[in-house]
Each structure stands twice: as C-alpha cells, then as structure tokens.
Amino acid sequence: MPTPIVLFVTWVDRINRLAGRFAMLIFFVMAAIMLWSTISRTIFGAPVNWAMEMTQFLLSAYYLLGGAYAFQHGAHVRMDLFYSRFSPRRRAGLDAITLLAVIFFLVVLLWGGISSTQYAIQYGQKNYSSWSPLLWPVKVAMTIGIFLMLLQVIAQFCRDIAQARGRPIT
C-alpha cells in the first residue's frame, strides 16, 4: 500500500485508541453522578433532577466515542454463517464490499449529525425537561463519534483491500 494510506491507517488507529480510552473514563463520571444522586436522595432527602439526564447524555458520548475503538478491536457483533470457512484474503474482500455500505450509512449519519448540531448551536436548543440543558454539547460529541467511526471504517476498508491483495497493513 502507498505510504500515505499506511500513515492514514496508523493515525486513525492512534486517534481512536485515545478517544476510546477517554470514553472509558466517562463511565466513571457516570457512576459518580449516579452515586451522588442516590446519596442525595436517600441520605439527604434532596433528589437531584439533573442526574438521570446527565447520565443519559454521558452514556451517549460513551458509546459514540467508544464505537470506533470497539470496531478497531473487532468487538462489534458479526454474523458468521459461512465467513469462518473463507480464507483470510477472501474474508478481507468480502469485508471491503460490506464496508462500502457502512461508509455510505456513516456519511449520511454524519451529514444529519452536522445539521442537527448546527441547529442546536444556532438556536440554543434545549431539552424539554425540568433541568432544561443545552443540547449542543451532546450533539457535538455525537457528531465527533460518528466522524471517528467513519474514519475507522475507512481505515479498515484500506486494511481489507491490502489484505485481499496479499499485502496486509500491520
């Protein structure tokens, strides 16, 4: 494979490894918020109205920012009827074909995410709840997560093409 493609794959892997590790830390923040909510409600008798919603926002960031990391490590579900019987080169070719559909889907999703994020920023969109938080931070995290997933899928596509040609990128 040409050097720019190898560099692209290497850098995307590094970026998504960092984003995935960051997403892992979000889990601890969610746990702390839920613990505080429980303590506040049971011990102090003062429920916090923002805890559940904040945890939902953080959970969205958690799985969207961690999605590319999970894909990078092969942690997504794969339906295997005949796939395991194929040679590694044939599997890579089949993966490259299916990744084209995933790339198309992610481009459409990214386009919608960008549009939704722009709307939230431009109009100061808020959630309809008693807490009424601004929605742009979670929409920015969503759009970044989709973009990182798109980059990781393109990197995997390059990897699969190289593998199918018999020259794998390590």
Side-chain angles (χ1 to χ4, degrees), residues 1-30 53-123 125 127 134-170:
M1 275 296 184
T3 304
I5 292 176
V6 173
L7 287 173
F8 170 77
V9 170
T10 303
W11 277 101
V12 167
D13 283 349
R14 286 181 185 166
I15 290 168
N16 282 323
R17 192 173 303 111
L18 287 171
R21 306 269 172 150
F22 172 75
M24 288 179 197
L25 297 175
I26 292 174
F27 180 81
F28 296 107
V29 175
M30 287 188 302
E53 202 166 11
M54 186 65 179
T55 304
Q56 290 171 343
F57 288 165
L58 288 171
L59 182 63
S60 297
Y62 172 73
Y63 68 77
L64 285 165
L65 292 174
Y69 180 78
F71 183 78
Q72 180 182 49
H73 291 281
H76 287 274
V77 176
R78 179 180 301 229
M79 188 167 165
D80 180 9
L81 296 174
F82 305 106
Y83 187 80
S84 62
R85 297 179 188 166
F86 296 149
S87 69
R89 286 181 71 175
R90 190 166 185 188
R91 274 187 254 166
L94 185 62
D95 285 345
I97 292 168
T98 58
L99 285 178
L100 289 174
V102 175
I103 290 169
F104 173 76
F105 172 73
L106 288 170
V107 166
V108 171
L109 202 60
L110 181 63
W111 181 34
I114 290 169
S115 172
S116 181
T117 302
Q118 286 174 335
Y119 178 87
I121 291 170
Q122 183 176 1
Y123 294 104
Q125 184 182 16
N127 204 14
L134 288 171
L135 291 178
W136 71 262
V138 74
K139 289 189 177 195
V140 167
M142 170 190 71
T143 304
I144 291 170
I146 294 167
F147 180 68
L148 292 175
M149 179 62 107
L150 177 62
L151 289 178
Q152 190 63 48
V153 169
I154 292 169
Q156 186 61 44
F157 177 77
C158 294
R159 224 185 242 110
D160 287 338
I161 293 295
Q163 175 74 27
R165 294 176 66 203
R167 301 182 186 113
I169 299 174
T170 55

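Salt-bridge check for Asp160 with Arg165: failed, with every basic side-chain N at 4.0 Å or more from each acidic carboxylate O.
Remark: the backbone N or O of Ala68 is not paired with any side-chain donor or acceptor of His76 at under 3.5 angstrom. The main-chain N or O of Asp13 is found under 3.5 Å from a side-chain atom of Gln72 such that the two form a donor-acceptor pair. For Thr10 (side chain) and Val6 (main-chain N/O), a donor-acceptor pair under 3.5 Å exists by modelled atom type.
To the nearest 0.5 Å, the span separating OH on Tyr69 from CZ on Phe22 amounts to 14.5 Å. The CZ atom of Phe8 sits 15.0 Å away from the OG1 atom of Thr3 when rounded to the nearest 0.5 Å. Between the CD1 atom in Ile15 and the CG atom in Leu18 there is a gap of 8.0 Å [rounded to 0.5 Å]. To the nearest 0.5 Å, atom CD1 of residue Ile26 and atom CZ of residue Arg21 are 14.5 Å apart. The CG atom of Leu94 sits 14.5 Å away from atom CZ of Arg89, with the distance rounded to the nearest 0.5 Å. Atom CE of Met30 and atom OH of Tyr62 lie 6.0 Å apart (nearest 0.5 Å).
The minimum heavy-atom distance between Pro168 and Gln163, with the atom names listed, is CB-OE1, 3.1 Å. For Arg159 against Ile169, the heavy-atom pair with the smallest separation is CG-O, 4.0 Å.
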(request) Check the pair Val102 / Phe157 against side chain to side chain contact (heavy atoms under 4.5 Å, CB included), numbers first and verdict last. (result) CA-CA 10 Å; Val102 175; Phe157 177 77; over 6 Å; no
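Evaluation of the ring-ring contact (aromatic ring centres under 6.0 Å, His included) rule for Tyr63 yields no partner, not counting sequence neighbours. Applying the ring-ring contact (aromatic ring centres under 6.0 Å, His included) criterion to Phe104, with sequence neighbours excluded, gives no partner residue.
Counting heavy atoms from C-beta outward, Leu99 and Gln156 have side chains that approach closer than 4.5 Å. The shortest distance between side-chain heavy atoms of Asn127 and Glu53 falls below 4.5 Å. The shortest side-chain heavy-atom distance between Arg91 and Tyr83 falls under the 4.5 Å cut-off.
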Side-chain donor-acceptor pairs of residues 141-151 under 3.5 Å, sequence neighbours excluded:
unit_1 : atom_1 : unit_2 : atom_2 : d
Thr143 : OG1    : Gly113 : O      : 3.2
Thr143 : OG1    : Thr117 : OG1    : 2.8
Thr143 : OG1    : Lys139 : O      : 2.9

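When ring centroids are compared, Phe82 and Phe86 stay outside the 6.0 Å threshold.
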